[in-house]
Peer 1: 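My questions will all concern the structure given below.
Numbering of residues begins at 1 and proceeds along the displayed sequence. These numbers come from a predicted model, not from an experiment. What's counted below: heavy atoms across the whole structure, side chains too, no hydrogens, waters or symmetry copies.
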Amino acid sequence: GQRLASFHGAASPVGTPPMSARFARPTLWFLLDTEGTVRDGRSVQAEFLQLRSEQFLGRRLRDVIPLPLQDALDEALQRVLREGVARIAYRLQTPAGQRWIEADLVHLMSTQQIVATITDATADHQAHATQERLDGFVALLMRLAGRFINLPLPALDAAVDAALADTGRF
């Protein structure tokens, strides 16, 4: 069967950074047969799995992933063969902490193989959570500012107390 070496090691056009520099997120690529057996693999900064892609060769992907993900992988393999693409997003506990992992599967109909791209999306999830918290804080500030517009002086103390309570809950 085809191998990923031609994909991963493809020459970059002049002025284009090498493949590893273009992928900011740690990524593993696997070439699977339609039964889910790993036929080839490559990685870029994929220490999050604590295994090299070569350690998966000849093994069913289902047999090397955590037990709680096996059913989701089976469903994704069925879906990719039926629809051409599938995605699994999950959390993985590692010694370095919890990681957010995204796995995309694409069926290559011409070769009856599946390309699985497994990416550590932890930094993206953390950035999204930080942005949501910042958005919530800005919304709180806007609500607080709105409380004091045209507020009669006798009501100021109660409004400040309520604003401080809201701020403390944030």
Peer 1: L105 and A76: which non-hydrogen atoms are nearest, and at how many Å?
Peer 2: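 Looking at all heavy atoms of both residues, the closest pair is CD1-CB, 3.5 Å.
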Peer 1: Do L108 and L31 have side chains that approach each other closer than 4.5 Å (heavy atoms only, starting at C-beta)?
Peer 2: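 In contact.
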Peer 1: I'd like to know whether CD of E35 has more than 12 heavy-atom contacts from other residues, nucleotides or ligands below 6.0 angstrom.
Peer 2: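 Counting other residues, nucleotides and ligands, CD of E35 stays at 12 neighbours or fewer.
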Peer 1: To check you understand the geometry: which heavy-atom pair defines the closest contact between R87 and R79, and what is its length?
Peer 2: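 Where R87 meets R79 most closely, the heavy atoms are O-NH2, 3.4 Å.
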Peer 1: Once salt bridge (charged side-chain N to carboxylate O under 4.0 Å, His left out) is applied, do any residues pair with R62, and if so which ones, sequence neighbours excluded?
Peer 2: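 For R62 the salt bridge (charged side-chain N to carboxylate O under 4.0 Å, His left out) partners, ignoring immediate neighbours, are D71, D74.
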Peer 1: Considering non-hydrogen atoms only, spot the tightest contact between L32 and A116 and give its length.
Peer 2: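 Heavy-atom minimum between the residues: CD1-CB, 4.1 Å.
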Peer 1: Work out which heavy atom in T122 is nearest to a heavy atom in R99; give both atom names and the distance.
Peer 2: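 Taking every non-hydrogen atom into account, OG1-CA, 3.2 Å.
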Peer 1: For residues 102-135, which residue pairs qualify under ring pair (Phe, Tyr, Trp, His ring centres under 6.0 Å), counting only residues two or more places apart or in two chains?
Peer 2: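 Pairs touching residues 102-135 that pass the test: W100-H125.
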Peer 1: In chain order, what residues pass the side chain to side chain donor-acceptor pair (under 3.5 Å) check against D33, with sequence neighbours excluded?
Peer 2: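 If we apply the side chain to side chain donor-acceptor pair (under 3.5 Å) test to D33, skipping adjacent residues, the hits are R39.
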Peer 1: Work out which heavy atom in T34 is nearest to a heavy atom in I114; give both atom names and the distance.
Peer 2: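 Residues T34 and I114, closest heavy atoms: CA-CD1, 4.2 Å.
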Peer 1: How far does CG of L77 sit from CG of L61, to the nearest 0.5 angstrom?
Peer 2: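 These two atoms lie 7.5 Å from each other.
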Peer 1: Is V85 close to D104 at the side-chain level, that is, under 4.5 Å between some pair of heavy atoms?
Peer 2: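 D104 vs V85: side chains apart.
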Peer 1: Measuring from atom CD1 of I118 to atom OG1 of T27, what distance do you get when rounded to the nearest 0.5 angstrom?
Peer 2: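 I118 CD1 to T27 OG1: 10.0 Å, rounded to 0.5 Å.
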Peer 1: How many angstroms lie between atom OG1 of T117 and atom CZ of F30, to the nearest 0.5 angstrom?
Peer 2: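 Rounded to the nearest 0.5 Å, the OG1-CZ separation comes out at 10.5 Å.
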Peer 1: For the residue pair I88 and A72, what are the closest heavy atoms and their distance?
Peer 2: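 Between these two residues, the closest heavy atoms are CD1-O, 3.7 Å.
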Peer 1: How many angstroms lie between OG1 in T130 and CG in D135, if you round to the nearest 0.5 Å?
Peer 2: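 One finds 10.5 Å between OG1 of T130 and CG of D135.
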Peer 1: If we ignore hydrogens and angles and just use 3.5 Å, is the side chain of Q112 paired with the main-chain N or O of M109 as donor and acceptor?
Peer 2: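 Yes, the answer is positive, given that a donor and an acceptor are paired below the 3.5 Å cut-off.
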